[in-house]
S.K.: 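Just passing along the structure, written as structure tokens.
So you know, we letter chains A, B, ... as the sequences are listed, proteins then strands, and number each from 1. Basis for what follows: all heavy atoms, side chains included, without hydrogens, waters or symmetry-related copies. Quantities reported herein were computed from a predicted structural model and do not represent experimental measurements.
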Amino acid sequence: MSANEPAKTVDFIRRIIAEDLAAGKNGGKVTTRFPPEPNGYLHIGHAKSICLNFGIAQENASSICHLRFDDTNPEKENEEYIESIKKDVKWLGFDWKSNLFFASDYFDKLFELAKVLIQNGDAYVCSLSADEIREYRGTLTEPGKNSPDREQSPEVNLDLFLRMRDGEFADGSYTLRAKIDMTSPNINMRDPAIYRIRRATHHQTGDKWCIYPIYDFTHCISDALEAITHSLCTLEFEDHRPLYDWFLDRLQPQLKQHPQQIEFSRLALDYTVVSKRKLIKLVNDGFVAGWDDPRMPTISGLRRRGYTPESIRNFCSRIGITKTPNNVEIGFLEGCLREDLENKALRAMAILKPLKVVIDNYPVDKVEEITAPNHPQNQELGNRTIYMTREVYIDRDDFMEVAPNKKFKRLVTGKEVRLRNSYVIKCEEVIKDPNSGEIVELRCSYDENTLNANPEGRKVKGVIHWVSATQSIKAEIRLYDRLFVNANPEDGGDFLANINPSSLTTLKDCPIESSLVKANSGDTFQFERVGYFSKDPDSTEEQPIFNRAVTLRDSWAKISEPRREQRKR
RNA sequence: UGGGCCGUCGCCAAGCGGUAAGGCCCCGGAUUUUGAUUCCGGUAUGCGGAGGUUCGAAUCCUCCCGGCCCAGCCA
């Protein structure tokens, strides 16, 4: 957080924790956990949770945040996801130290605790099929009815449960259920399943088990076993809290811990989907190139796009933690990136839509070395050498035969403009293709006394970027736009129907200044007057590739095209 | 329509009975070899609505309206 940032008011969760600490609760300690299921890559919504949980640990002395994989559904999980999650949490700047856990570490313990529930008459083995269980559950407005197996003796239940574990029954034939209340207005309390039979090889436990515990049973116990003090989760688990507490209350003699679950609202972002199911769909159906496609709101996608950990952390800090359903503007995230990159991205020049300029009075073979600062305000970032030659490229958007209005201050026929870090040039003649009428070249002259100096007797307001035609390299530049055309991709019911067909524009053979050959994959630059660009890992020696992370703020665009579609909500 | 939760500026968000913080966006203006950055200044007589309690209400009470979540052997 920058020095002039106003003091951030504490959110309600941090306030509760501060109060608990002050009251000496939990022995004056606070332990949190980030509990992802390894069934997909982490996204910006997870970043919010990571920043909260790890952030709280950082803010309190001797506090710690565990990384725990909630791996109770082997059919959807795998090792690739586990590795990506660890990588992303680290990249965001957080450290779980030695506290890496798996819910599957507790499978034996969980099994024993399930037996305790059975022995105490708090759980029973049910022979109803999935369809039957649904029927027996009732509806939102009608109570459910008891399973015929509900009053089975603990002895029978225990025998059945052991045989479930021993593989005597087919998948789906039995479940272990908590015996709570089939008439509860909270559907989660209507005898929820806590174990199901599923012959699936688990990425951590292999084929040791053919029964797997369900989230509600697993999560609260895992929290208790790890002595988590504050179990923070999103609002959709609010209805599960009574269940969370129910299990812990019943098993208090065994666990001797009762973490507190607190819920906060999940992050929603304009023009994006943040749901693993949908993200998987985008990846599997080829709408994007992969989990790390720069258009994806995944941590890996944002990283490849050019986002920095600092910008994401700052974003999470600014949106805060509340229970209000929030829908954050995508521009808010982009603003955080710009703010971070403004101070640290080295400057360079690149031409997206080249227009050749020949400076007739510039010596034919002269190659002039010019030292240009890497950052206009920060000399510590050093300098680089750029090369001035007789032929250069400028951007087509920076020239018009006739100025459209008095505010236009780029190059116009017969007028002057400064080439950034170089000379003032004047457009003398416009060369067009005789057939198409397309402008193919500009013939200009330059004022040799204007390098690092203002021209005599006149003011030249406009400054445009340029690249030498002979001393430059060529790059592929990928321009990204939002993945969806609607602020709410769900509009109309099918998010796939709202995919932006032009979310990616690939520009080939863009002239970029030669200093960029030294760039490493992942380095991010500000291409002056254009935006921030990050070198893509797919780059090769011959073909550097740059991804546009975000454009610069562009107040000229507002004047010249004030009613851009994108500005509408 | 059962239950749970939420409604303060376009977007986030403080506020917790004493007379509406802040950030983003937006609008002016200054500086600028990036129409960037930076810097100044502006932007809710109003807190979903209606009543009520009180000297005083965004904050307390009542009713109403709107939104989100829950009927996986997913998490």
S.K.: Under 3.5 Å, is there a donor on one side chain and an acceptor on the other for A:Tyr124 and A:Asp191?
M.R.: yes
S.K.: Between B:A75 and A:His240, counting only base atoms on the nucleotide and side-chain atoms on the residue, is there a donor-acceptor pair under 3.5 Å?
M.R.: yes
S.K.: Determine whether a donor-acceptor pair (one donor, one acceptor, N or O, separation below 3.5 Å) exists between the side chain of A:Gln377 and the base of B:U38.
M.R.: no
S.K.: To the nearest Å, how far apart are A:Phe527 CZ and B:U34 P?
M.R.: 19 Å
S.K.: Which part of the nucleic acid does A:Phe237 contact within heavy-atom distance under 4.0 Å: base, sugar-phosphate only, or nothing?
M.R.: base
S.K.: With A:Asp131, which residues qualify under side-chain hydrogen bond (donor to acceptor under 3.5 Å, both in side chains), at least two apart?
M.R.: A:Arg134
S.K.: What's A:Thr450 touching, base or sugar-phosphate or nothing? Going by heavy atoms closer than 4.0 Å.
M.R.: base
S.K.: Mind checking if A:Arg137 touches a base, just sugar-phosphate, or nothing, with heavy atoms under 4.0 Å?
M.R.: sugar-phosphate
S.K.: Checking all strands, does A:Ala130 fall into the base, sugar-phosphate, or nothing category for heavy-atom contacts under 4.0 angstrom?
M.R.: base
S.K.: Do A:Asn53 and A:Ser49 pair up side chain to side chain, a donor and an acceptor below 3.5 Å, judged on atom types alone?
M.R.: yes
S.K.: Does A:Glu37 come within less than 4.0 Å of A:Lys76, counting only side-chain N to carboxylate O?
M.R.: no
S.K.: Please determine if a side-chain N or O atom of A:Arg134 lies less than 4.0 Å away from the OP1 or OP2 oxygen of B:G72.
M.R.: yes
S.K.: In terms of relative ring orientation, are A:Tyr244 and A:His219 parallel, tilted or perpendicular, with 30° and 60° separating the classes?
M.R.: tilted
S.K.: Between A:Glu142 and A:Glu342, which has a closest nucleotide on RNA chain B that is more 5'?
M.R.: A:Glu142
S.K.: Salt bridge check: are A:Glu238 and A:Arg266 linked by an N-O gap of less than 4.0 Å?
M.R.: no
S.K.: Using a heavy-atom cut-off of under 4.0 Å over every strand shown, decide if A:Phe408 touches base, sugar-phosphate, or nothing.
M.R.: base
S.K.: Any base atoms under 4.0 Å from A:Arg418, or only sugar-phosphate, or nothing? Heavy atoms, all strands.
M.R.: base
S.K.: Quick one: label A:Asp70 by what it contacts on the DNA or RNA (base, sugar-phosphate, nothing), any heavy atom closer than 4.0 Å.
M.R.: sugar-phosphate
S.K.: Pick base, sugar-phosphate or nothing for A:Ala453, based on heavy-atom distances below 4.0 Å to the nucleic acid.
M.R.: base
S.K.: Under 3.5 Å, which protein N or O atoms sit close to an N or O of nucleotides 64-67 of chain B? Give each pair with its distance.
M.R.:
none

S.K.: Applying salt bridge (charged side-chain N to carboxylate O under 4.0 Å, His left out), can you list everything that pairs with A:Arg338, at least two apart in sequence or on another chain?
M.R.: none
S.K.: Counting any heavy atom closer than 4.0 Å, what does A:Thr139 reach on the DNA or RNA strands: base, sugar-phosphate only, or nothing?
M.R.: base
S.K.: Classify the nucleic acid contact of A:Asp239 as base, sugar-phosphate or nothing, counting any heavy atom under 4.0 Å across all strands shown.
M.R.: base
